[in-house]
> 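Below you'll find the structure I mean.
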Amino acid sequence: MRSIDHFINGKSVSAGSRKGVVFNPSEGRQQAEVSLGGSDVLQQAIDAANAAQPAWAATNPQRRARIMFEYKRLVEHHMDELAELLSSEHGKVIADAKGDVQRGLEVIEFCCGIPHAQKGEYTQGAGPGIDVYSMRQPLGIGAGITPFNFPAMIPMWMFGPAIATGNAFILKPSERDPSVPVRLAELMSEAGLPDGILNVVHGDKEMVDAILDAADIKAVSFVGSSDIAQYIYSRGTANAKRVQSFGGAKNHGIVMPDADLDQVVNDLTGAAFGSAGERCMALPVVVPVGDETAARLREKLVPAIEKLRVGVSTDPEAHYGPVINEAHKSRVENWIQKCKDEGGELVIDGRGLELQGTDGWFVGPTLFDHVKPHFESYKEEIFGPVLQMVRADTFEEAVRLPSEHQYGNGVAIFTRNGHAAREFAHRVNVGMVGINVPIPVPVAYHTFGGWKRSGFGDIDQHGMDGIKFWTKAKKITQRWPDGSASGDNKDAFVIPTMG
C-alpha cells in the first residue's frame with residue numbers, strides 16, 4: 001500500500017498514528033493511505049518555517065522571481081505526470097486535470113513579476129521637506145486549507161503569491177487527493193526554494209483547528225463548503241488572523257430569447273457536467289427567459305446531454321469521469337431524488353450508471369425542468385452532474401433569481417443584446433459575471449472571489465489582491481531637518497497637516 005507522508009523542511013516526514021484512505025474513484029478501490037497529523041506535526045512545520053522565513057524575506061524580489069520562473073518550467077515539464085496523478089485520485093479526465101494544473105500555473109506566471117507587483121508608493125514633497133512612501137512586507141507564515149476538487153490549481157493560487165512576497169507557507173490539502181500537492185512542493189524545492197518555506201501537512205478537522213489556533217500563523221486562506229468557510233473565518237479572525245474564506249456556489253446561466261442556442265448548449269454541457277459538476281464555478285442552474293426560449297433550449301439540450309460520454313479518468317473519449325467517492329455519489333443521488341420529490345420534472349436521470357469492468361463511482365448527466373426557487377435542491381449546492389432549469393418570465397426575474405440566492409459566486413448571461421448584458425452585469429448581486437462566458441473565472445492577474453455565502457473576508461484571491469492579502473503595508477513619512485529651526489515650539493503641539 002502506497003503511503004503519502006507530510007513534506008516538512010524539504011523532506012518527507014512520516015508522523016501521526018492515524019491514517020486516511022485515498023481511493024481511485026474510477027475503480028472504486030483504495031490505492032493509498034495518507035498520514036493524518038495534528039498539532040505536533042503542525043508545530044514541526046511551524047518551527048521549520050520560522051527558521052527559514054527571515055532569510056527568505058530578506059532575499060531580493062528578483063531572486064525570488066527567478067525561483068518562480070524555474071518552478072514554472074519544472075511544472076510544465078512534469079505536466080503529464082501531475083495530470084495522471086491528479087486524475088488517479090480525483091477522477092477528472094486527463095485533459096481536465098491538465099487544465100487544473102495550468103490554471104494554477106498561470107498564477108505562478110503572475111508571481112514571476114513580483115519585483116514589480118510588490119513595489120510600494122512614493123510621494124516627493126508631500127509637505128515642506130517631507131516625503132511619504134510605503135513598502136509591502138511579508139506577514140511571516142501563511143497557511144492554506146484547500147479542497148479536493150482542484151488539488152493543483154487552488155494550492156498554487158495560495159502558495160504562489162504568499163511565497164513570492166517573502167512568506168513561509170504551510171499547506172493543508174484535502175486528505176482525499178493529497179499526492180499532487182506534495183509533488184508540487186517537491187518541485188518547488190527542486191526549483192531552488194529554501195527548505196522550510198513550503199511545507200505540506202495532512203490531516204482532518206484536528207489539523208484545521210490547530211492551524212486556526214496557532215499564534216505563529218498570521219494568515220489563512222480557505223476554499224470549501226460555505227458552512228466550513230464561515231467556521232474558518234470566525235475562528236481564524238477570533239484568533240487575530242487575516243482570513244480569506246471561500247465557500248459554495250449555485251451559479252446561474254441566464255439565457256435571453258436572442259441568445260445563440262447552439263453556443264449556449266455547447267457551453268452549458270461543459271459548464272454543468274465537466275469534472276462531474278465538482279467545481280465551485282460550475283453552472284448547475286440554467287434560467288431561460290420566456291417559455292418559448294425554454295422550449296427551444298430544451299429541444300436542443302436533451303440530445304446534447306444524451307450524447308455525453310462518462311468514463312474512467314484515463315478514457316480519452318470521456319467528457320467527464322467519476323465523482324470523488326461513494327459517499328459523495330450517494331449524496332448527489334439523494335439530491336436528485338429530493339428535487340424529483342419537490343416537483344421538479346426529471347427529464348434525464350443519471351442515477352444507477354455502471355461501467356463495465358469497473359466499480360467506480362459514476363453519476364450520469366441529469367437534467368431537471370420546471371424547478372422552482374423554493375425547492376431545497378435549488379437553494380443548496382449539489383456539486384454533481386445535475387443541471388436544473390428554472391424558467392423566468394422576464395428579464396427582471398432573471399436578474400432577481402441569482403441576486404436573491406444565498407450564494408453569490410458566479411453567474412453568466414447569454415445574449416446578443418449589449419444593453420441587456422450591460423444592465424445585467426451592473427445590477428446582479430454576484431461576485432463574478434460572465435457575458436457569453438459560462439465559467440467566468442478571471443485570469444490570474446485579476447482577482448477571484450464570490451459574494452454572500454460564497455466568500456467570507458475582504459480580499460479576493462490572486463492578482464493584486466493576492467499580493468495585498470499576503471503582505472502588510474508599512475507607511476513612512478520622512479523629513480531631514482537642516483538645523484535652521486528657530487522660535488518657540490508652539491506649532492509642535494498642533495496636529496501636523498500638509499495645508
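For the numbers below, each heavy atom of this structure counts, side chains included, while hydrogens, waters and symmetry mates do not.
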> Distance alone, cut at 3.5 Å: any donor-acceptor contact between the side chains of Asp47 and Gln43?
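Indeed, the side chains of Asp47 and Gln43 share at least one donor-acceptor pair under 3.5 Å.
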> Could you tell me whether the side chains of Arg136 and Thr471 share a donor-acceptor contact shorter than 3.5 Å?
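The criterion, which ignores hydrogens and geometry beyond distance, is satisfied for Thr471 and Arg136.
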> Determine, step by step, whether Arg176 and Glu278 satisfy the salt bridge (charged side-chain N to carboxylate O under 4.0 Å, His left out) criterion, reporting the C-alpha distance in whole Å, the side-chain angles of both residues, the deciding distance to 0.1 Å, and the verdict.
CA-CA 14 Å; Arg176 298 178 185 179; Glu278 294 175 326; over 6 Å; no
> Just verifying a value: how many Å separate His90 NE2 and Asn325 CG, rounded to the nearest 0.5 Å?
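Answer rounded to 0.5 Å: 10.0 Å.
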> Any salt bridge between Glu106 and Arg103, counting N to O under 4.0 Å?
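Yes.
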> Could Asp96 and Arg279 be called an ion pair, given the rule that one side-chain N must be under 4.0 Å from one carboxylate O?
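Yes.
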> Using only heavy-atom distances, determine whether the side chains of Ser134 and Lys474 contain a donor-acceptor pair under 3.5 Å.
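Short answer, no.
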> Salt-bridge test for Arg66 and Glu70: reply yes if a basic N is under 4.0 Å from a carboxylate O, no otherwise.
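No.
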> Both conditions, 6.0 Å and 45 degrees, for the charged tip of Lys338 above the ring of Phe375: are they met here?
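Relative to the ring axis of Phe375, which defines the angle, Lys338 lies outside at least one limit.
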> Output the distance between atom CG (Asn239) and atom CG (Leu212), rounded to the nearest 0.5 Å.
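The CG atom of Asn239 sits 7.5 Å away from the CG atom of Leu212.
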> Over 60° means perpendicular and under 30° means parallel, so tell me whether His462 and Phe448 are parallel, tilted or perpendicular.
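If you compare the ring of His462 with that of Phe448, the planes turn out tilted.
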> Are Ser225 and Asp227 close enough that a side-chain donor and a side-chain acceptor fall under 3.5 Å?
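On atom types as modelled, these side chains do not qualify, holding no pair under 3.5 Å.
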